[in-house]
Amino acid sequence: MKKIEAIIKPFKLEEVKEALADLGIEGMTVSEVKGFGRQKGHTEIYRGSEYTVDFLPKIKIEVVVTDSVLESALSAIVKSAKTGKIGDGKVFVSPVDEAIRIRTDETGDKAI
Amino acid sequence: MKKIEAIIKPFKLEEVKEALADLGIEGMTVSEVKGFGRQKGHTEIYRGSEYTVDFLPKIKIEVVVTDSVLESALSAIVKSAKTGKIGDGKVFVSPVDEAIRIRTDETGDKAI
Amino acid sequence: MKKIEAIIKPFKLEEVKEALADLGIEGMTVSEVKGFGRQKGHTEIYRGSEYTVDFLPKIKIEVVVTDSVLESALSAIVKSAKTGKIGDGKVFVSPVDEAIRIRTDETGDKAI
Amino acid sequence: MKKTTLIKSGIAALAIAASGLFTTNPAFAQEAVAVVTETVVATTTAVVEEAEEVSAIDKHWEGKTGDLAMFTVNNLWICIAAALVFVMHLGFSCVETGLTRSKNTTNILFKNVFIVCMGLLAYAAYGFNSMYPGDNWTIPGWLAIGSPIANGFGGADEVANLTAEYNAGYTYWGDFIFQAMFAATAATIISGAVAERIKLGPFMIAATVIVAFAYPITGSWEWGGGWLSEDFIDFAGSSLVHAFGGYAALAAVIVLGPRLGKYLPNGKVKPILGHSMPLAAIGVFLLFFGWFGFNGGSVLSANAPLVSLVFVTTAMAAAAGGITASFASWIMLKKPDLSMALNGILAGLVGITAGADSISPWASVVVGGIAGVLVVVSVIALDKIKIDDPVGAISVHGICGNWGTIAVGIFGAGSFVTQLIGTVAISAFAFVFALVTFLVVKAIFGLRVSPEEEEGGLDIGEHGQEAYPDFVPNK
Amino acid sequence: MKKTTLIKSGIAALAIAASGLFTTNPAFAQEAVAVVTETVVATTTAVVEEAEEVSAIDKHWEGKTGDLAMFTVNNLWICIAAALVFVMHLGFSCVETGLTRSKNTTNILFKNVFIVCMGLLAYAAYGFNSMYPGDNWTIPGWLAIGSPIANGFGGADEVANLTAEYNAGYTYWGDFIFQAMFAATAATIISGAVAERIKLGPFMIAATVIVAFAYPITGSWEWGGGWLSEDFIDFAGSSLVHAFGGYAALAAVIVLGPRLGKYLPNGKVKPILGHSMPLAAIGVFLLFFGWFGFNGGSVLSANAPLVSLVFVTTAMAAAAGGITASFASWIMLKKPDLSMALNGILAGLVGITAGADSISPWASVVVGGIAGVLVVVSVIALDKIKIDDPVGAISVHGICGNWGTIAVGIFGAGSFVTQLIGTVAISAFAFVFALVTFLVVKAIFGLRVSPEEEEGGLDIGEHGQEAYPDFVPNK
Amino acid sequence: MKKTTLIKSGIAALAIAASGLFTTNPAFAQEAVAVVTETVVATTTAVVEEAEEVSAIDKHWEGKTGDLAMFTVNNLWICIAAALVFVMHLGFSCVETGLTRSKNTTNILFKNVFIVCMGLLAYAAYGFNSMYPGDNWTIPGWLAIGSPIANGFGGADEVANLTAEYNAGYTYWGDFIFQAMFAATAATIISGAVAERIKLGPFMIAATVIVAFAYPITGSWEWGGGWLSEDFIDFAGSSLVHAFGGYAALAAVIVLGPRLGKYLPNGKVKPILGHSMPLAAIGVFLLFFGWFGFNGGSVLSANAPLVSLVFVTTAMAAAAGGITASFASWIMLKKPDLSMALNGILAGLVGITAGADSISPWASVVVGGIAGVLVVVSVIALDKIKIDDPVGAISVHGICGNWGTIAVGIFGAGSFVTQLIGTVAISAFAFVFALVTFLVVKAIFGLRVSPEEEEGGLDIGEHGQEAYPDFVPNK
Ligand SMILES: Nc1ncnc2c1ncn2[C@@H]1O[C@H](COP(=O)(O)OP(=O)(O)O)[C@@H](O)[C@H]1O
Ligand SMILES: Nc1ncnc2c1ncn2[C@@H]1O[C@H](COP(=O)(O)OP(=O)(O)O)[C@@H](O)[C@H]1O
Ligand SMILES: Nc1ncnc2c1ncn2[C@@H]1O[C@H](COP(=O)(O)OP(=O)(O)O)[C@@H](O)[C@H]1O
């Protein structure tokens with residue numbers, strides 16, 4: 001079991017979700033985050049003083065998948081989230097030891 | 001050390017927190033997320049056009065625990081978060097290598 | 001590759017970001033969370049009824065780093081986030097298997 | 001299925017309210033047009049004739065430019081005051097929305113929009129003529145059956161309705177619009193108290209019944225020349241509008257029960273915080289603003305000494321209520337509670353409403369100041385006895401409405417005993433009528449949303465429409 | 001580079017609009033002062049002389065205190081009504097902001113602020129005198145070239161402008177301010193329909209051109225004594241203001257295209273939800289409030305029978321529109337849609353505007369009620385043909401403006417055919433003029449922000465200023 | 001402990017302000033009632049007698065219906081204008097809330113609620129009679145000690161107070177309520193400038209002292225017949241209200257220091273963004289709306305030529321200020337800054353306030369337009385010298401208040417030198433008085449919240465009440 005965390009551009013959420021759904025991935029969790037990266041923010045002026053908006057709005061998708069679909073999930077995300085422009089975001093994969101479905105107490109791959 | 005991530009129904013937060021506190025767990029971090037899962041969203045109409053709200057409001061609880069309390073923490077969460085209805089959410093467990101308490105520089109289990 | 005998750009006091013974000021930037025760390029993701037810990041909340045009264053605000057506003061910084069900069073990143077965070085007062089927050093380190101830059105498909109350390 | 005039945009019932013209720021003169025169901029729009037056409041044509045002809053007959057009105061004023069000017073300024077003030085009272089509905093909407101959770105915001109706004117619209121129509125169709133029956137009492141001094149506003153228009157002699165022959169202070173239309181704006185207020189007060197848990201359809205029906213039938217009854221007792229009109233003094237409605245609304249709200253809350261999770265098994269009260277203090281504050285300021293029309297317009301003319309005195313007593317009582325509630329909450333609750341300060345302003349306003357024209361400015365400070373303390377005590381006390389009123393409507397309008405009425409017997413021109421009798425009678429009637437109405441509606445349709453809907457919020461449950469949907473990825 | 005050119009053009013346009021009398025470009029402020037000084041000194045002298053000459057006005061009223069009082073109350077009402085119409089601009093701002101996404105909020109507010117300010121100035125500089133040309137028609141009955149307001153002031157005989165010699169209902173200034181507040185409304189209507197995708201600078205130019213030049217033309221046809229002024233009836237502007245704005249908005253939307261992602265390749269419509277229902281509701285209530293000034297002030301005096309009748313018809317139509325739209329959405333869309341109920345109130349208000357003084361109260365309920373259904377149907381229908389109007393401006397102002405005008409031919413004093421001709425002529429002119437204007441502006445400056453900017457929001461793109469920046473760590 | 005002392009002091013200050021006539025401390029409510037009763041009974045008797053004596057007023061107007069109508073319309077306008085000025089307090093609340101961070105919202109709203117309430121009471125108790133002393137000067141032309149409003153009521157001859165014998169434009173009460181609404185404005189201006197860091201209790205004390213004692217002093221110089229009343233022209237208070245408030249705010253900000261983190265060690269200015277542009281925009285529109293009462297009411301009658309002229313100049317100056325500030329920020333800061341456009345409208349309004357009745361419309365465009373540029377420059381300049389004013393109050397009210405006053409010496413009927421002397425004297429007095437007040441309050445109670453509280457927000461620190469608590473799980 002692996003957890004995929006994808007930081008993407010907000011307007012790409014719909015596409016990424018569809019791409020994952022197409023793979024039969026039925027669950028994911030989404031949150032609003034602010035990202036700092038190569039896509040440098042922008043300098044703005046408020047009431048005469050300059051400031052830099054370093055952190056740009058991004059969406060974080062978290063999805064836990066079985067090892068078997070990891071690869072296809074990753075490529076689906078990367079493909080659907082790509083615009084080719086700076087700030088497209090990143091995907092991180094990390095190990096998950098266990099998953100439990102609260103409703104049924106199921107664990108392991110069945111719980112995903 | 002393990003990190004527990006629990007995605008639960010928002011109104012269950014209070015109960016889950018109490019259940020963890022009863023185990024002597026003194027720290028946790030909570031955030032608002034939107035979840036997509038078996039609990040299919042709902043179809044709504046806005047100004048005449050249909051749309052599906054796929055993502056439902058959920059609460060994510062993150063709590064890092066020592067290996068010794070992992071089991072009891074998991075069952076406390078599952079028990080207190082359960083309603084038996086679809087959309088109850090999931091719990092994921094993943095490894096944590098290190099923890100540091102910023103205030104004191106303590107590390108490891110002492111820092112949790 | 002490791003993921004550092006730091007839960008800090010909101011007004012420390014700027015300093016922590018600068019400290020990481022000084023190390024050449026170019027990417028991070030930030031979100032608003034609520035924390036529960038030793039820093040007990042506060043008891044307030046609303047329209048005559050007492051209640052406890054258990055969860056205090058915190059900022060979560062997530063940054064994935066190569067193993068080589070892990071130590072320096074950790075100490076930079078701890079140093080810049082510290083006020084010495086209760087509620088300073090915690091830092092957790094966990095393993096990351098893979099990273100992908102969506103824009104370029106680069107993977108591994110190059111993608112961070 | 002059930003929903004459709006519900007809607008049909010709502011339409012039926014409205015249709016009855018309109019005495020068959022019009023219908024609001026768009027599905028029947030064509031029929032409606034047909035049904036209405038006859039009446040309309042008749043009244044339209046009347047309008048046209050009026051236009052030609054303008055000379056009759058001119059003749060009426062001939063050589064009396066001073067009187068005409070007085071009549072014109074009087075009537076203008078009644079109209080402007082009506083517009084200010086209208087603003088109070090926006091004030092109520094904001095207060096209610098601000099002091100409740102964001103997941104019920106669309107629902108609260110919808111209810112308020114409905115109440116204003118329905119209130120105006122129902123008052124035209126039935127309330128106005130039954131509240132001011134003239135000699136047409138059904139039970140003399142106690143009850144009159146109204147007739148639609150159209151009667152007053154189509155059939156009437158224009159000079160009699162549109163000049164000082166009708167009233168020195170206003171035309172028939174000025175009279176109607178000012179009173180109609182008041183009418184919906186009672187239901188708006190209920191709306192706040194039952195927020196966050198009541199089913200939309202049943203609320204709409206109950207609110208319609210109360211506004212259309214109950215409000216004009218007590219109204220007629222005092223303002224319509226009924227049994228209270230002799231000695232009882234309720235200038236602008238501390239009892240007739242506010243206590244009426246407050247006690248109807250109390251009945252509704254008793255039938256409905258508290259919000260889930262408000263009163264814990266261990267006997268503790270868990271406050272449910274309002275989601276936007278700016279909205280609550282905007283609402284109170286707008287109510288304060290609108291109250292200048294509510295009280296000032298109740299002079300029923302632009303009479304300079306009285307209108308200006310009423311402006312002063314109204315403002316002073318509001319100010320005093322705001323200050324005493326602030327300090328009361330500061331002392332009793334340790335910290336100055338903005339929501340209490342806001343309730344205090346409203347308490348002062350409700351308190352002075354009965355005696356705004358007969359209480360001296362400094363006495364109005366005392367009346368308002370006491371109201372400000374009363375509201376704080378009352379809000380806390382009601383929570384003790386598990387009466388869950390999210391916005392403090394019962395305390396503000398009910399308790400302070402009683403206080404204000406009685407205060408006229410202490411500081412104003414009224415008799416203590418008469419004032420007491422009047423306010424108790426009005427409050428009791430409102431309570432009983434509302435209790436019966438809500439019990440009946442509950443028996444027929446059910447009154448409360450399911451626990452799931454309550455947890456998820458009525459915005460999704462009743463409307464499928466979040467109030468702040470910006471982070472809702474949807475397709 | 002380009003931006004600077006743009007700004008310069010904007011300034012140029014404004015400067016022309018002001019006929020060289022003033023300039024708003026701060027860089028030229030000193031020159032401007034110099035340029036203006038002469039005129040100013042002249043007019044100032046006039047003011048001073050007026051002060052001394054007050055006796056002339058006094059003399060005018062000598063022994064006619066009743067007439068003076070009438071004139072005073074009439075003029076006061078026009079002024080207050082102007083202030084109420086001003087509030088409508090706040091109403092529009094709130095509705096537009098509430099029904100769009102938070103990332104475009106600053107931009108929408110800025111556009112509205114600009115429109116009010118520019119509208120007042122442009123109307124003073126050009127519009128007023130070209131809309132009310134008296135005998136100075138360029139093409140008789142069809143077109144007049146205006147002259148700046150200053151003419152009316154500096155050169156005029158004060159008694160003739162500041163007493164009932166000018167008009168029984170108001171002074172020259174009262175006349176101007178009331179009409180000026182109307183003028184900007186047309187552009188505000190457009191602003192809502194083109195929200196979330198139009199470039200700021202080009203919009204400002206197009207809006208200025210339309211308000212300054214197009215609005216007074218159709219206005220002069222009816223209110224200025226032009227070809228429509230004989231039999232056509234448009235009391236307060238269902239056509240001249242609302243349909244005008246609605247059809248100009250339609251042209252703008254056609255030139256501009258829909259928002260990204262609104263109409264999916266599969267033919268489906270993806271709704272883009274408004275971000276704040278409280279803002280939308282506040283806006284509609286304020287519009288309702290302001291409409292008492294819009295319609296009530298259009299009586300052009302404080303005439304008691306008419307003003308009070310207009311208040312009644314206005315309120316009844318709004319209430320009926322709110323109710324029928326609620327039930328229409330409930331039946332057609334399964335759940336009661338707050339945004340439709342709100343649009344319904346506005347529809348009722350627009351609908352009654354043409355006949356508020358000549359339609360009987362119960363007929364006004366029918367007119368408003370039909371408007372409430374019409375707006376729901378129209379909003380849905382426009383989405384079907386991919387006309388993307390985020391706030392429903394075309395339906396509310398265009399369609400219901402037409403309906404309201406025609407309704408005067410059914411329920412009011414007008415002839416059906418004349419009403420139809422009038423509303424079609426005005427709508428068509430507005431549409432064509434706006435179409436040409438937006439096409440020209442598009443050709444010269446471009447009209448639409450880049451897809452990136454649209455995705456990121458115009459607040460950042462055009463203003464570098466988020467509307468709700470609280471979680472923006474910045475240094 | 002300390003908090004209790006603080007509250008007691010607050011109460012003491014208020015009690016003094018009220019000259020012992022009433023107290024707002026609910027703990028003492030019973031005593032208060034006792035204390036007040038005597039006065040109240042006396043004045044109540046007066047009210048009753050007045051009611052009986054109405055014939056005296058009737059007699060006064062006998063055979064003068066035209067005059068009565070004029071007096072009635074005049075007085076009505078003063079009352080309505082007072083209500084419009086009241087709306088400005090809501091405007092201020094919204095602007096201040098919108099331009100600051102959400103964690104200080106409850107605190108800002110509470111301060112504004114307090115100021116309005118306290119202002120009305122303090123002005124009644126002391127300010128009114130000391131601002132308009134008639135012949136009762138303590139230091140002739142410079143200082144008068146007031147006496148509570150009750151004097152004016154209980155002891156006075158009603159005919160003299162409630163007819164044109166008092167004033168052709170209003171009754172005693174109309175006079176009072178209009179002036180009282182002005183009074184609190186000064187403190188409201190300060191409130192914005194010191195937002196996000198000042199302790200609540202000390203602010204309340206300082207604000208009370210300034211409103212109760214300082215404002216009437218400068219007010220009496222000009223409007224009360226003092227040393228400035230001969231040649232100096234400040235129609236509605238560019239100096240007496242706005243510059244007064246602006247310079248008092250400047251003193252407060254100097255004593256208080258900037259918000260944490262605003263001025264970085266490296267000399268850079270880090271802007272602290274306001275949390276809600278819609279709130280800021282709503283506030284400015286409401287201020288614009290209320291200003292029609294502020295300036296229009298200052299005609300002190302409904303005089304048709306003057307009221308309508310004032311409406312025009314007010315609107316034109318506001319529009320010009322909005323436009324020039326927009327373009328100034330666009331040119332100087334690269335992008336059009338909404339907060340500057342909003343400040344520009346206010347700047348134009350403040351600028352025209354001194355000469356709204358004596359400056360011609362086109363000159364008012366110049367005055368407003370220059371104010372719009374001035375405010376942009378001033379906001380930037382104040383940040384350069386590290387004067388931290390979150391809402392731009394010092395620039396809008398102070399600088400543009402000065403400009404507006406002087407402008408009367410350029411474009412209006414005034415003399416440049418006299419205007420300069422007047423505005424400098426008033427500003428200097430306000431600055432010094434506020435400086436001393438804030439220094440004394442600081443010495444006794446401390447003025448600034450702890451850095452921890454400032455970081456966490458004053459909502460939690462001072463009130464324990466978040467303004468937007470929806471995602472606060474609480475038990
Ligand atoms: N090392 C990292 N750890 C955590 N999040 C990161 C890291 N690097 C980038 N991110 C996230 O990814 C987003 C996109 O990164 P950026 O460098 O701007 O894009 P790109 O890689 O496409 O050029 C950032 O805004 C941030 O949220
Ligand atoms: N594979 C997954 N990865 C991440 N989050 C998931 C995953 N599956 C489910 N979730 C989260 O859990 C929530 C509940 O899942 P759902 O399938 O609706 O409930 P249940 O398992 O109780 O039927 C979802 O809304 C989503 O936030
Ligand atoms: N075991 C834990 N798991 C997850 N988050 C934690 C844990 N312990 C603490 N936290 C987070 O760290 C924050 C600071 O913890 P706290 O105990 O208050 O501070 P300190 O360690 O400085 O005394 C908490 O508010 C919470 O968000």
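Throughout, a chain's letter reflects where its sequence line sits, starting with A, and its residues are numbered from 1.
Between D/F311 and F/C79, the shortest heavy-atom distance links the atoms CE2-O, 3.1 Å. Listed here is the closest heavy atom pair of F/C117 and D/A318: SG-O, 4.2 Å.
Ranking D/A81, D/G274, D/A281, D/A304 against chain F, the residue ahead of the rest is D/A304, based on heavy-atom pairs under 4.5 Å. Contacts with chain F were tallied for D/S102, D/G98, D/A69, D/G293; D/S102 has the most, counting heavy-atom pairs under 4.5 Å. Ranked by heavy-atom pairs under 4.5 Å with chain F, the first of D/G321, D/G322, D/G369, D/S276 is D/S276. Note: F/T171 leads F/T105, F/T171, F/T97, F/I78 in heavy-atom pairs under 4.5 Å with chain D. In terms of heavy-atom pairs under 4.5 Å with chain D, the best-connected choice from F/F86, F/Y166, F/Y170 is F/F86. Comparing F/A82, F/A83, F/G66 by heavy-atom pairs within less than 4.5 Å of chain D, the highest count is held by F/A83.
For chain F, no part of D/S301 is nearby; none of its heavy atoms comes within less than 4.5 Å. Proximity to chain F (any heavy atom under 4.5 Å) is shown, for D/L333, by neither the backbone nor the side chain. Contacts of D/F71 with chain F are absent, with no heavy-atom separation under 4.5 Å from either backbone or side chain. F/M181 touches chain D through its side chain: at least one heavy atom from C-beta onward sits under 4.5 Å away, while N, CA, C and O do not.
The line from CD of F/Q465 to CE of D/M277 is 4.5 Å long, rounded to the nearest 0.5 Å. Taken to the nearest 0.5 Å, the CG atom of F/L121 stands 6.5 Å off from the CH2 atom of D/W362. Distance check: D/L273 CG to F/D470 CG gives 8.5 Å after rounding to the nearest 0.5 Å. Taking SG of F/C94 as the start and CZ of D/F285 as the end, the distance is 8.5 Å to the nearest 0.5 Å. Between the CE atom of D/M316 and the CG atom of F/L120 there is a distance of 7.5 Å, given to the nearest 0.5 Å. Rounding to the nearest 0.5 angstrom, the gap separating the CG atom in F/D175 from the OG atom in D/S308 is 10.0 Å.
Put simply, the side chain of F/L90 does not reach to within 4.5 Å of the side chain of D/F289, judged on heavy atoms. Counting heavy atoms from C-beta outward, F/T72 and D/N303 have side chains that stay 4.5 Å or more apart. With a 4.5 Å cut-off on side-chain heavy atoms, F/L279 and D/I282 count as touching. Counting heavy atoms from C-beta on, the side chains of D/F292 and F/I80 never come closer than 4.5 Å. Residues D/P361 and F/W173 have side chains in contact (heavy-atom distance under 4.5 Å, counting atoms from C-beta outward).
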Dump the intermediate steps for side-chain contact (heavy atoms from CB on, under 4.5 Å) on D/W330 and F/L200, then the final yes or no. CA-CA 12 Å; D/W330 207 332; F/L200 178 61; 4.0 Å; yes
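Between the F/H463 side chain and the D/D337 main chain, no donor and acceptor come within less than 3.5 Å of each other.
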